[in-house]
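Numbering of residues begins at 1 and proceeds along the displayed sequence. All of these numbers come straight from a predicted model, not from anything done at the bench.
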Amino acid sequence: VQLVESGGGLVQAGGSLTLSCAASGSSNKINDMGWYRQAPGKQRELVATTTGGGSTNYADSVKGRFTISRNNAKRTVSLQMNSLKPDDTAVYYCKAQVVVVTIERETVLDEWGQGTLVTVSS
């Protein structure tokens with residue numbers, strides 16, 4: 001499975017952006033999908049995740065401002081970001097838990113996209 005993100009860019013504080021991520025390349029089952037971000041000089045951190053059944057989880061810093069949504073049929077996940085702040089500036093990565101089934105076992109692998117840069121100016 002390959003993940004391709006889109007939608008990053010430059011926005012003023014208070015503005016909005018929508019990030020999209022599409023999974024392609026195989027029909028392996030995907031469990032959780034989510035968005036993570038990494039700001040300069042900081043570790044990568046969770047932003048939001050969603051299960052196949054639609055349950056969601058958000059970092060406290062984005063609750064009430066960001067919304068994650070998923071389309072299982074299209075194998076896509078999106079992140080609607082509102083009321084953006086300069087502290088939201090980071091490279092945003094899409095992640096998918098891909099299920100790989102062989103005769104011997106079932107394994108869950110984390111696949112990552114290449115990242116998309118979001119810059120929020122003050």
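For Gln12 and Ser121, the side-chain atoms include no donor-acceptor pair closer than 3.5 Å.
A chain of hydrophobic side-chain contacts below 4.5 Å, direct or via other Ile, Leu, Val, Met, Phe, Trp or Tyr residues, connects Val101 to Val108. Under a hydrophobic-cluster definition in which Ile, Leu, Val, Met, Phe, Trp and Tyr are linked whenever side-chain heavy atoms come within less than 4.5 Å, directly or via other members, Val62 and Val118 are assigned to the same cluster. Side-chain heavy atoms closer than 4.5 Å link hydrophobic residues (I, L, V, M, F, W, Y) into clusters, and following such links, possibly through other members, connects Tyr58 to Leu17. Residues Trp112 and Leu79 are members of separate hydrophobic clusters, defined by side-chain heavy-atom contacts under 4.5 angstrom among Ile, Leu, Val, Met, Phe, Trp and Tyr. Taking hydrophobic clusters as Ile, Leu, Val, Met, Phe, Trp and Tyr residues chained together by side-chain heavy-atom distances below 4.5 Å, Leu46 shares a cluster with Val91.
Asp110 contributes no side-chain N or O that, together with a main-chain N or O of Lys95, makes up a donor-acceptor pair within less than 3.5 Å. Side chain of Gln38 to main chain of Ala90: no donor-acceptor pair is present (N/O by atom type, distance under 3.5 Å, no hydrogens or angles). Listed for the Thr89 side chain is a donor-acceptor partner under 3.5 Å among the backbone atoms of Val120. Formation of a donor-acceptor pair under 3.5 Å by the Ser83 side chain with backbone atoms of Gly14 is not found in this model.
Going from atom OG1 of Thr51 over to atom CD of Gln97 covers 10.0 Å, rounded to the nearest 0.5 Å. Taking CG of Asn57 as the start and CD1 of Ile68 as the end, the distance is 9.0 Å to the nearest 0.5 Å. Residue Leu10 holds its CG atom at 6.0 Å from OG1 of Thr119, rounded to the nearest 0.5 Å.
Salt-bridge check for Lys63 with Asp60: passed, with a basic side-chain N closer than 4.0 Å to an acidic carboxylate O.
Looking only at side-chain heavy atoms (C-beta outward), Trp35 and Cys94 come within less than 4.5 Å of each other. Two residues are said to be in side-chain contact when any heavy atoms from C-beta on lie closer than 4.5 Å; Arg65 and Met81 fail this criterion.
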Steps toward side chain to side chain contact (heavy atoms under 4.5 Å, CB included) verdict (Ile30, Asn28): CA-CA 6 Å; Ile30 296 175; Asn28 292 66; 5.8 Å; no
Arg37 and Asp88: CA distance, side-chain angles, deciding distance, side chain to side chain contact (heavy atoms under 4.5 Å, CB included) verdict: CA-CA 9 Å; Arg37 68 187 181 187; Asp88 295 318; 3.0 Å; yes
Side chain to side chain contact (heavy atoms under 4.5 Å, CB included) evaluation trace for Arg75 with Ser24: CA-CA 8 Å; Arg75 294 164 70 85; Ser24 64; over 6 Å; no
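The aromatic rings of Tyr92 and Phe66 are tilted relative to each other, their planes meeting at an angle between 30° and 60°.
Scanning all heavy atoms of the two residues, the minimum distance from Val77 to Met33 falls at CG1-CE, 3.7 Å. Taking every heavy atom of both residues into account, Glu5 and Gly115 meet most closely at OE1-N, 2.7 Å. In terms of heavy atoms, Ser122 sits closest to Ala13 at CA-CB, 4.4 Å.
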